[in-house]
Amino acid sequence: MLQLVPFCETMDSSSGHSIFRDVNGFFTTLTQGLDNLEQAISPHNFMSMDWLQQIVALLRSLHREIIQLVQKLQLPVGDRWLDEYMDESSKLWDVCHVLKCGITGLEQYQNVVENVSMTLNANSSPTNQQCRQVMRSISGCWREALSLEEENKVLIETKIQADGKLFLQLDDKVIEANFAKWNGFNGFRGVMYAMKNTSSLLLMLLLWGLVYSFNENSIAVDNLCFRSSFFASSSRLQQRVDAEINRVKSSIKTTMYSRPAFFLYEFGKTQSLMGELWTQLDLRSRGSQQGNNNTVDCQESLIDKIEQLEHFSGLVKSGLENVDSQLDDFFDEIVDGRKMLLDICSQR
């Protein structure tokens, strides 16, 4: 088993064992977090709001672990380790601001969806004229969705891809070639290497879920024999996500409302339901024009779809509020963490 933290063997037993325990504790938390995310993936609701909220919670937890670890390792003042943390926290800050922008756009779009939902609720047995009115509203939603996707695409291209902020390099050969380097600063450099890779993966998943899906093949991992539990867990998560993305793509129907440019499950459901409602309202309107009576089954189906749209729209709204609140708290934690580490350096 490849270990990133064997340095304790070169120290006195008490300090070496203590440092090994602290650093190993970080990798244990990291590995368990990745395993929990992989196990929580469901083919029935891939990229659900609940799952994305778990990702944000893991990011925050790992950042807190980093800050606590620095306070225990007695690192040299003002050395390269501080620059590495500052670079990583800046990346977290910048990418999370992109996520905030994406959430703002989604919230604005959800207001349009809610208007459609309320109109449908008020007219669950619509007349021909009301059918056409709701159909126009649904078409307006689709146009808003296309506009949102284009804005998010530009956001990703200018704020993420242009700067190359997300770093992924999961390879045991790289680890072995730089073994001594990553054991530097009592193992903190290895911790930061793992954090950089993990945060990039988690942030990329959040962007794919909430903003825009780009470079989807960038997380595909060969069937390598990873000898580190962290790399094995990260590899399993990446392979599972890659498999689910391919499954979603293969099941997509060629309709204008079947797949948004990001993978948020509940958002995709609202899009699909609005497409089904549009079709059903169109048939209802045509039947009304031809003097056909709507059956009880058709009416029940319409009411069921209206209720589902309201349900999934509510899940999107509450989930976005939760993620937005978590990101605000994360910003505070990043500011506090940077200040704390600078204070630690100034006091030594």
Side-chain angles (χ1 to χ4, degrees), residues 4-5 7-8 10-12 14-31 33-34 55-101 103 159-160 162-169 178 180-204 206-207 230 323-348:
L4 293 179
V5 289
F7 50 82
C8 63
T10 64
M11 304 178 180
D12 64 87
S14 60
S15 63
H17 289 158
S18 176
I19 291 172
F20 180 86
R21 183 174 60 251
D22 294 334
V23 174
N24 195 52
F26 171 84
F27 281 100
T28 298
T29 299
L30 175 57
T31 300
L34 292 172
I55 293 178
V56 180
L58 179 57
L59 266 177
R60 293 178 62 189
S61 175
L62 294 175
H63 180 260
R64 288 193 294 268
E65 290 271 339
I66 291 280
I67 300 300
Q68 294 170 8
L69 191 59
V70 170
Q71 298 176 68
K72 298 175 181 178
L73 292 184
Q74 298 182 351
L75 300 174
V77 175
D79 215 325
R80 176 61 186 165
W81 68 266
L82 182 60
D83 294 336
E84 291 182 12
Y85 167 77
M86 290 298 182
D87 290 344
E88 173 63 11
S89 60
S90 293
K91 178 191 77 177
L92 292 171
W93 181 276
D94 292 342
V95 179
C96 284
H97 269 290
V98 173
L99 285 168
K100 288 274 288 184
C101 291
I103 288 172
K159 299 296 185 180
I160 301 296
D163 295 336
K165 291 184 183 297
L166 299 183
F167 166 89
L168 281 172
Q169 188 182 50
N178 295 273
K181 173 184 175 182
W182 281 312
N183 276 326
F185 304 125
N186 290 347
F188 187 72
R189 182 161 277 163
V191 166
M192 286 307 302
Y193 176 84
M195 180 64 181
K196 288 176 183 178
N197 274 283
T198 301
S199 66
S200 290
L201 172 60
L202 299 182
L203 289 169
M204 193 175 292
L206 287 170
L207 291 169
F230 152 62
V323 172
D324 193 55
S325 177
Q326 283 203 65
L327 290 176
D328 285 338
D329 291 340
F330 194 21
F331 287 138
D332 291 339
E333 291 165 2
I334 291 173
V335 171
D336 292 342
R338 290 169 69 97
K339 183 177 183 300
M340 183 180 296
L341 297 197
L342 289 172
D343 289 345
I344 289 174
C345 290
S346 64
Q347 292 169 8
R348 286 181 183 171

Report task. Please step through side-chain contact (heavy atoms from CB on, under 4.5 Å) for the pair Leu203 and Leu99, ending with a clear verdict. Result -> CA-CA 9 Å; Leu203 289 169; Leu99 285 168; 4.3 Å; yes
**Report entry** Expected output: side-chain Thr31 to main-chain Thr28 donor-acceptor under 3.5 Å
**Finding:** no
Requested in this report: Dump the intermediate steps for side-chain contact (heavy atoms from CB on, under 4.5 Å) on Leu92 and Phe331, then the final yes or no.
Outcome: CA-CA 9 Å; Leu92 292 171; Phe331 287 138; over 6 Å; no
Query raised in the report: Counting distance only, does the side-chain N/O of Trp93 pair as donor-acceptor with the main-chain N or O of Ile334 below 3.5 Å?
Result: no
Report summary line: When every non-hydrogen atom of Val23 is compared with those of Gly187, the smallest separation belongs to CG1-O, 4.4 Å
Query raised in the report: Rounded to the nearest 0.5 Å, how far does CG of Leu327 lie from CG of Asp332?
Result: 11.5 Å
Report task. Applying side-chain contact (heavy atoms from CB on, under 4.5 Å), run through Ser199 and Leu62 and close with a yes or a no. Result -> CA-CA 9 Å; Ser199 66; Leu62 294 175; over 6 Å; no
Query - Spacing of CE belonging to Met195 relative to CG belonging to Leu30, to within rounding of 0.5 Å - result: 8.5 Å
Query raised in the report: Which heavy atom of Gly190 sits nearest a heavy atom of Phe27, and at what distance?
Result: O-CZ, 3.9 Å
Query - Geometric class of the Phe330/His63 ring pair [parallel <30°, tilted 30-60°, perpendicular >60°] - result: perpendicular
Query raised in the report: At their closest point, which heavy atom of Val98 faces which heavy atom of Ile160, and how far apart are they?
Result: CG2-CD1, 4.0 Å
Query - CD1-CD distance between Ile66 and Gln68, expressed to the nearest 0.5 angstrom - result: 10.5 Å
**Report entry** Pairwise side-chain contact, Phe26 with Asp22, heavy-atom cut-off 4.5 Å (strictly under)
**Finding:** no
Requested in this report: Indicate yes or no: does Asp343 engage Lys339 in a salt bridge with an N to O separation below 4.0 Å.
Outcome: yes
Query raised in the report: When rounded to the nearest 0.5 angstrom, what distance separates CD in Glu333 from CZ in Arg64?
Result: 5.0 Å
Report task. Any chance you could lay out the side-chain contact (heavy atoms from CB on, under 4.5 Å) test for Trp81 and Leu73, step after step, and finish with the verdict? Result -> CA-CA 11 Å; Trp81 68 266; Leu73 292 184; over 6 Å; no
Query raised in the report: Do NZ/NE/NH1/NH2 and the carboxylate oxygens of Asp324 and Lys100 come within less than 4.0 Å?
Result: yes
Report task. Could you tell me whether the side chain of Thr198 reaches within less than 4.5 Å of the side chain of Leu59, counting heavy atoms only? Result -> no
Query raised in the report: Among Leu75, Val70, Leu342, whose side-chain contact (heavy atoms from CB on, under 4.5 Å) with Leu82 holds?
Result: Leu342
Query - Nearest heavy-atom neighbours spanning Gly337 and Tyr85 - result: C-OH, 3.8 Å
Query raised in the report: With a 4.5 Å heavy-atom cut-off, do Ile67 and Asp336 have their side chains touching?
Result: no
Query raised in the report: Is a side-chain donor-acceptor pair under 3.5 Å present for Ser90 with Arg338?
Result: yes
Query raised in the report: Does the side chain of Asp94 reach to within under 4.5 Å of the side chain of Lys159, using non-hydrogen atoms?
Result: no
Query raised in the report: Is a donor on one side and an acceptor on the other found under 3.5 Å between the side chain of Lys196 and the backbone of Glu84?
Result: no
